[in-house]
Novice: 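Input: one structure, supplied below.
Reckoned from all heavy atoms, side chains included, excluding hydrogens, waters and symmetry mates. Numbers here simply count residues along the sequence, with the first being 1.
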Amino acid sequence: MTGDITLFNPSSSRDASAIDVTANITNLRSTCTENASDFYSEATFDVQARRTDASAAREVVLPYFSVVVRGGSAVIAKRVGEVRINFAAGQERASATAKAASYVDRATATLPSEIEKKIKQERKAGDADAAIDPLADPEVRAALQRSSFELLVGFNLTQDQLRYNATR
């Protein structure tokens with residue numbers, strides 16, 4: 001829902017005839033590297049934009065966010081950046097590339113050894129626990145959730161822009 005943004009002129013209008021600029025995030029690419037103390041994630045992405053009035057050269061600055069989410073729901077870090085789209089006179093479409101990055105503490109993103117043992121435990125056919133999925137254990141599921149992190153990227157929308165995206 002935050003991968004698209006629509007700017008209106010005038011900004012209070014929501015009429016199709018008032019659409020000024022539309023843009024979307026596309027071509028998201030990510031890398032992750034690790035060292036002894038942390039993991040570094042980097043996401044690069046393209047922003048493709050289109051405007052309705054191409055008469056003059058124009059720069060449009062669009063705010064975006066990156067958040068680090070732990071366990072699928074807990075935001076542990078947020079940063080806001082800007083991507084600048086430069087339209088030449090007569091040009092309806094333009095694009096730019098932006099980047100977001102984060103560090104996650106290695107110890108926080110590592111499973112405790114006793115949980116890792118439960119997951120990797122060798123199981124043999126016929127054993128009582130052979131058919132039991134270790135992920136069915138609430139303790140294992142909780143540990144996996146605590147150690148999972150995501151880097152999410154989107155446009156930093158106003159409440160009106162978010163409401164517009166939800167209704168279109």
Novice: Please check: side-chain N/O of Arg70 versus main-chain N/O of Arg146, any donor-acceptor pairing under 3.5 Å?
Specialist: yes
Novice: Between Thr158 and Asp160, do the side chains contain an N or O donor and an N or O acceptor separated by less than 3.5 Å?
Specialist: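 No, because no side-chain N or O of Thr158 sits under 3.5 Å from a partner of the opposite role on Asp160.
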Novice: With a 4.5 Å heavy-atom cut-off, do Gln161 and Ile5 have their side chains touching?
Specialist: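 Counting from C-beta outward, Gln161 and Ile5 do come under 4.5 Å.
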Novice: Do Glu42 and Lys99 sit within salt-bridge range, that is, some charged N less than 4.0 Å from a carboxylate O?
Specialist: yes
Novice: Determine whether Val68 and Glu150 satisfy the following criterion, side-chain contact (heavy atoms from CB on, under 4.5 Å), listing intermediate values before the conclusion.
Specialist: CA-CA 6 Å; Val68 178; Glu150 296 175 280; over 6 Å; no
Novice: Say whether, by atom type as modelled, one donor and one acceptor occur between the side chain of Ser13 and the main chain of Ala18 under 3.5 angstrom.
Specialist: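 Not a single qualifying donor-acceptor pair exists.
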Novice: Report yes if some heavy atom in the side chain of Asp46 is under 4.5 Å from a heavy atom in the side chain of Ser95; otherwise report no.
Specialist: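 Not touching, per the 4.5 Å side-chain cut-off.
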Novice: Please lay out, stage by stage, how Asn24 and Val47 fare under the test side-chain contact (heavy atoms from CB on, under 4.5 Å).
Specialist: CA-CA 6 Å; Asn24 62 359; Val47 174; over 6 Å; no
Novice: Is the shortest side-chain heavy-atom distance between Tyr64 and Val80 below 4.5 Å?
Specialist: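 No, side chains not in contact.
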Novice: Show, in sequence, the C-alpha distance, side-chain angles and deciding distance for Asp53 and Arg58, and conclude whether the side-chain contact (heavy atoms from CB on, under 4.5 Å) test is met.
Specialist: CA-CA 10 Å; Asp53 180 2; Arg58 179 176 173 200; 5.8 Å; no
Novice: Around atom CD of Gln159, are there more than 12 heavy atoms of other residues, nucleotides or ligands at under 6.0 Å?
Specialist: no
Novice: Would Arg141 and Glu139 pass as an ion pair if we require N to O under 4.0 Å?
Specialist: no
Novice: Might you work through the salt bridge (Lys or Arg N to Asp or Glu O under 4.0 Å) test for Glu92 and Arg51, ending with a clear yes or no?
Specialist: CA-CA 5 Å; Glu92 288 183 358; Arg51 64 182 178 158; over 6 Å; no
Novice: Less than 6.0 angstrom from the centroid, inside 45 degrees of the normal: does Lys78 satisfy that with respect to the ring of Phe65?
Specialist: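 Yes, a cation-pi geometry.
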Novice: How close do Ala23 and Leu62 get, heavy atom to heavy atom, and via which atoms?
Specialist: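 Nearest heavy atoms, Ala23 then Leu62: CB-CD1, 3.6 Å.
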Novice: Assess the pair Phe8 and Tyr164: is the distance between their ring centroids shorter than 6.0 Å?
Specialist: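 Centroid distance Phe8-Tyr164: below 6.0 Å, so yes.
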Novice: May I ask you to test the Phe39-Arg106 pair for a side-chain heavy-atom distance under 4.5 Å?
Specialist: yes
Novice: Have Asp20 and Asn9 got a donor and an acceptor in their side chains that come within less than 3.5 Å?
Specialist: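 The criterion, which ignores hydrogens and geometry beyond distance, is not satisfied for Asn9 and Asp20.
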Novice: Begin from the C-alpha positions of Ser66 and Leu151 and carry the test side-chain contact (heavy atoms from CB on, under 4.5 Å) through to its verdict.
Specialist: CA-CA 7 Å; Ser66 63; Leu151 174 61; 4.0 Å; yes
Novice: Is there a side-chain contact between Val69 and Ile76 (heavy atoms, below 4.5 Å)?
Specialist: no
Novice: Can you see which heavy atom on Arg29 is nearest to which on Thr97, and at what distance?
Specialist: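 Nearest pair, atom of Arg29 first, then Thr97: NH2-CG2, 4.1 Å.
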Novice: Verify the neighbour count for atom OH of Tyr103: are there more than 12 heavy atoms of other residues, nucleotides or ligands below 6.0 Å?
Specialist: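 At most 12 heavy atoms, drawn from other residues, nucleotides or ligands, come within 6.0 Å of this atom.
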Novice: Is any side-chain heavy atom of Leu157 closer than 4.5 Å to a side-chain heavy atom of Asn165?
Specialist: yes
Novice: With a 4.5 Å cut-off on side-chain heavy atoms, are Val104 and Asp38 touching?
Specialist: no
Novice: Under 3.5 Å, is there a donor-acceptor pair between the Asn35 and Thr33 side chains?
Specialist: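 No donor-acceptor contact under 3.5 Å links the two side chains.
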Novice: Got more than 12 heavy atoms from elsewhere within 6.0 Å of CZ, Arg93?
Specialist: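 Open.
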Novice: Is there a side-chain contact between Phe155 and Asp4, using heavy atoms and a 4.5 Å cut-off?
Specialist: no
